[in-house]
There are 2 protein chains.
Amino acid sequence: MTSLSIAEAAERTGLTAHTLRYYERDGLMLRSVERASSGHRRYTDDDLRWIQMVTRLRATGMPIRDVRRYAALVREGDGNEAERLDLLLAHRELVERQLAEVTSHLRAIDHKIALYEHQVSPAS
Amino acid sequence: MTSLSIAEAAERTGLTAHTLRYYERDGLMLRSVERASSGHRRYTDDDLRWIQMVTRLRATGMPIRDVRRYAALVREGDGNEAERLDLLLAHRELVERQLAEVTSHLRAIDHKIALYEHQVSPAS
DNA sequence: GAACTCCTTCGAGCGCGCTCCAAGTCAAGC
DNA sequence: GCTTGACTTGGAGCGCGCTCGAAGGAGTTC
C-alpha cells in the first residue's frame, strides 16, 4: 500500500493540490485523508481510486453538490445501493442527452465548415 | 421578413430576453439590432439565424470570447474566410476530443452502474 | 388620464468551481 | 542553528456566463 504526498497525488490524478484540498473540505472525499506526524496529508490507493471516480463524475459534468451527495451515500455504507444506482442512472441519462445534443449541434457546425472549405479552396 | 420583439425572439431562440441583450452588448451580434420608433428592439430573420449559430457554438462549449472573435470576423465581411475556417476547425477538434473523453468516462461509470444493478437485484 | 404592459439602460449580484495568498509549521541538509 | 522546501489553514479572489433589480419611457385600454 503506497501512501502519497498531496503533490504526488496531484500528479497522479491530474488535479492540483489546491483542488484536492478543496474537494476534501467540500465533502467530496469518503473520509478525511490520513496525516503524517507532520500534519501532511497521505493519500492511499483507496483515496486515489475514489478521486478517480470523482474525476469521472466531474468530467461528465456532474455538479459538485451531486458528487457530494453520492459521496455521502457511499460513506454511509451498505444498504443504500439502490439510491446510489438511481443517482448514477439519472446522471447517465443526462450525459447521454447532452452528448446527443452536442453531437447534433456539431453536425450543423460541420455544414458551415464545409461551406467555408468550399469557399477557401473551391474545386471550380 | 418578420420582425420580432425581444420577448418573441427569446421564445424562438430559447434564450431569455436578458441573455439576448447581454449577447448584443457583449459584441456577439453582427450588428446592433434594429429599433422600433419606441426604442424597442426588432429582431429580423437574419438576426435569428445568427443567434442560432451563436447558440450552436455556445452549446458545444465555445467560450463567449471566441464567439465574439468569430462574430468580429463575420462582421468584417469577405476576405477572412480562411480565418473563420481555422477558428471553426479548431473548435470542432476540441469538441470531438471532449466528446471522446466524456464518452470514455461514461463507459467507466456504466461499469459501476452494472455492479450496482447486480447488487440491487442479483440474479443469484 | 390612470392603469397596465412591455420594453429600455445601467450596473450590481450570483452560482459555480476552482485558484491563490498569507502566515505559519515541520523535517532534512548543510 | 539556519536555510530550504514542502506542506498546513482560513479566507479572499476570480473568471465565466448569465441573471436580476431599479428606475423610467412608450403605447394601448378603459
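Values below: every heavy atom of this structure, side chains too, minus hydrogens, waters and symmetry copies. Naming: A, B, ... by sequence-line order, numbering from 1 per chain.
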Rounded at 0.5 Å granularity, tell me how far [atom1] in [X] sits from [atom2] in [Y].
X         : Y        : atom1 : atom2 : value
Leu87(B)  : Arg92(B) : CG    : CZ    : 13.0 Å
Leu28(B)  : Thr19(B) : CG    : OG1   : 11.0 Å
Met29(B)  : Ile51(B) : CE    : CD1   : 4.0 Å
Met62(A)  : Leu94(A) : CE    : CG    : 9.0 Å
Leu106(A) : Gln98(B) : CG    : CD    : 10.5 Å
Tyr23(B)  : Ile64(B) : OH    : CD1   : 4.5 Å

Next on the checklist: Tell me which residues in residues 50-69 of chain B lie within less than 4.0 Å of DNA chain D, going by non-hydrogen atoms.
Outcome noted: Arg58(B), Pro63(B), Ile64(B), Arg65(B)

Checklist entry - If you look at every strand shown and take non-hydrogen atoms under 4.0 Å, does Ala7(A) touch a base, only sugar-phosphate, or nothing? => result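 Sugar-phosphate contact only - Ala7(A) comes under 4.0 Å of backbone atoms but never of a base.
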
Checklist entry - Looking for any heavy atom pair under 4.0 Å, which part of the strands does Ala17(A) touch: base, sugar-phosphate only, or nothing? => result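 Counting heavy atoms under 4.0 Å across all strands, no contact is made by Ala17(A).
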
Item to check | Within 6.0 angstrom of Glu11(B) CD, more than 12 heavy atoms from elsewhere | outcome: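 No, CD of Glu11(B) has 12 or fewer neighbouring heavy atoms, counting only those of other groups under 6.0 Å.
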
Next on the checklist: If hydrophobic clusters are built by linking Ile, Leu, Val, Met, Phe, Trp and Tyr wherever their side-chain heavy atoms come under 4.5 Å apart, do Val67(B) and Val95(B) end up in the same one?
Outcome noted: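 Hydrophobic grouping puts Val67(B) apart from Val95(B).
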
Checklist entry - Is Trp50(A) reachable from Tyr116(B) through a run of I, L, V, M, F, W or Y residues, each pair having side-chain heavy atoms under 4.5 Å apart? => result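 Yes; Trp50(A) is reachable from Tyr116(B) via cluster members.
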
For [N], take OP1 and OP2 only and decide whether either is under 4.0 Å from a side-chain N or O of [X].
X        : N       : value
Tyr23(B) : dC18(D) : yes
Arg35(B) : dA26(D) : no
Arg41(A) : dT8(D)  : yes

Next on the checklist: Using heavy-atom distances to pick each residue's nearest nucleotide on DNA chain D, tell me which of Arg25(A) and Arg42(A) is more 5'.
Outcome noted: Arg42(A)

Next on the checklist: Assuming nearest nucleotide by heavy-atom distance, tell me which of Ile6(A) and His18(B) is located more 5' along DNA chain D.
Outcome noted: Ile6(A)

Checklist entry - Nearest to the side chain of Ser5(A), which nucleotide is it out of dG25(D), dC7(D), dT8(D)? => result dC7(D)

Item to check | Residue Ser37(B), side-chain atoms from C-beta onward, closest of dG25(D), dG27(D), dT19(D) | outcome: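 Closest nucleotide among those given: dG27(D).
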
Item to check | First and last nucleotide of DNA chain C, 5' to 3', lying under 4.0 Å from heavy atoms of chain B | outcome: dC6(C) to dG11(C)

Checklist entry - Side-chain contact, heavy-atom cut-off 4.5 Å: Glu117(A) with Leu85(B)? => result yes

Item to check | Separation of atom NE2 in His40(B) from atom P in dG27(D), rounded to whole Å | outcome: 8 Å

Item to check | Helix axis bend for the helix from dG1(C)-dC30(D) to dC30(C)-dG1(D) - C1'-based end axes, five pairs, 10° rounding | outcome: 10°

Next on the checklist: Any carboxylate oxygen within less than 4.0 angstrom of a Lys/Arg side-chain nitrogen, looking at Arg49(B) and Asp46(B)?
Outcome noted: yes

